[in-house]
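Sequence lines set the chain letters: A, B, ... in the order given, protein chains first and strands last, and positions in each chain run from 1.
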Amino acid sequence: MSSEYFKYQSISSLEGEYSEMLNLFSLLIFGSFVGLPSPPTSVAMRVLPYSLEELIHLVGKSKRIDDQLGDLFDILNAED
Amino acid sequence: MTGKGGVGKTTFSSILSIALSNMGKEVLAVSIDPAHHLGDVFGTQIGDEEKVLAERLKAREADADALVASYLSRYTELMGRLYKSANVLNIDKYFETLKYAPGIEDEALFDFLMSLFRREEEAIIVDTPPSGPTLRILNIPWVEEVWLDQLIDLRSKIAGLKEAIESVKAGKKVKIDDRILLELVKMREEVREEIRNLTDPSRFSVYAVTTPEKLPILDLKRLVPELKRRKIAVKGIVVNRFKSEDSTLQDLKEEFPETPIFLIPHLSEKELIGIENIKKLIDKVRVVQ
């Protein structure tokens, strides 16, 4: 039971970090679509066909933009 | 061929094209300047299809809109195949507006320029937009390289995290192929190849064109060092509408002591139009230093 709990904890923590890094990466690549300073569009175009997970993640994050407290508690909960 | 607008880039492009074809080389003259004048100078209609003008000489005025559409279509087709279930994201709407995005035309023109390295002709003469837009286009691979180094670093960390998560879940080491990381690394190799091509004097060089007037020469003095900073070979400086040896020429000789200077005399418009007139003009071009 305790090993399952520790496994869950470590995955949650890693997944929280993974989510934030993925969001950062997506913003860097696709930010030009919404006016953020970004790499040349050629870089975004090149990876766009393989970026379904990133785009869904980005859209999901945007939808939760008004619930940043909820997002923060998600992260804190993962680290408890 | 580059320089301030209206200094004679197209004139020298046509002179060089005909001179090289007369020497027995297979030549393609291409204009990527949205304000095309290649056809005007050659005295014939030239469109987006390659046209044979003379023995060993073809010409084309590349249509920027068509290049952008072709450039984007590569990705929309792939997107259509891979994102069958992603209509909810309205990707196709993004692509509709993307053709108007800042920088897209530059990237499409750069992509076309790089495609010319794969051609069979012995000489390809490119008549470019004025120096500002041309420098922006030529800078693209260096800007891409800087971004790709950083993005690959970040993506490697993301891929490492994903592997760690999946490995913990599976209870054993799991290897994940990150498609985006692979694509970024592949793109960086291609960008480095583009930089090698642009900085190889045997494959790519620039003629900087000016007239003996203050503003075009100031433009030239900014353009040439910028090209040299990128290690792009400047094969010559061309002074169009040259009248007489004066302080302007001396100034250029002192500023660029190791660069050949080509002088094209001041002629009437009538003398500059048509292949036969351009052939006569070749003998009037003088090279100093």
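In the model, A:S19 has a side-chain atom that pairs as donor or acceptor with a side-chain atom of A:H57 under 3.5 Å.
The shortest distance between side-chain heavy atoms of B:R230 and B:T199 does not fall below 4.5 Å. Here the side chains of B:L135 and B:L227 are in contact, with some heavy-atom distance below 4.5 Å. Looking only at side-chain heavy atoms (C-beta outward), A:Y50 and B:L182 stay at 4.5 Å or farther from each other.
For the residue pair B:V209 and B:M1, the shortest heavy atom distance occurs at CG2-CG, 4.0 Å. Residues B:V168 and A:I11 share a closest heavy-atom pair of CG1-CG1, 3.5 Å. B:P225 and B:L220 get closest at one heavy-atom pair: CD-O, 4.1 Å. Nearest approach of B:K169 to A:K7, heavy atoms of both residues: O-NZ, 3.3 Å.
For residues 110-127 of chain B, a heavy-atom distance under 4.5 Å to chain A picks out no residue at all. Residues of residues 141-162 of chain B placed with any heavy atom under 4.5 Å of a heavy atom in chain A are listed by number as B:V143, B:E144, B:W147, B:L148, B:L151, B:L154, B:R155, B:K157, B:I158, B:L161, B:K162.
Residue B:E166 does not touch chain A at all, counting heavy-atom pairs closer than 4.5 Å. The contact between B:I104 and chain A is made entirely by side chain atoms (from C-beta outward), counting heavy-atom distances below 4.5 Å.
Salt-bridge check for B:E226 with B:R229: passed, with a basic side-chain N closer than 4.0 Å to an acidic carboxylate O.
Taking CG of B:L38 as the start and CZ of B:R60 as the end, the distance is 12.0 Å to the nearest 0.5 Å.
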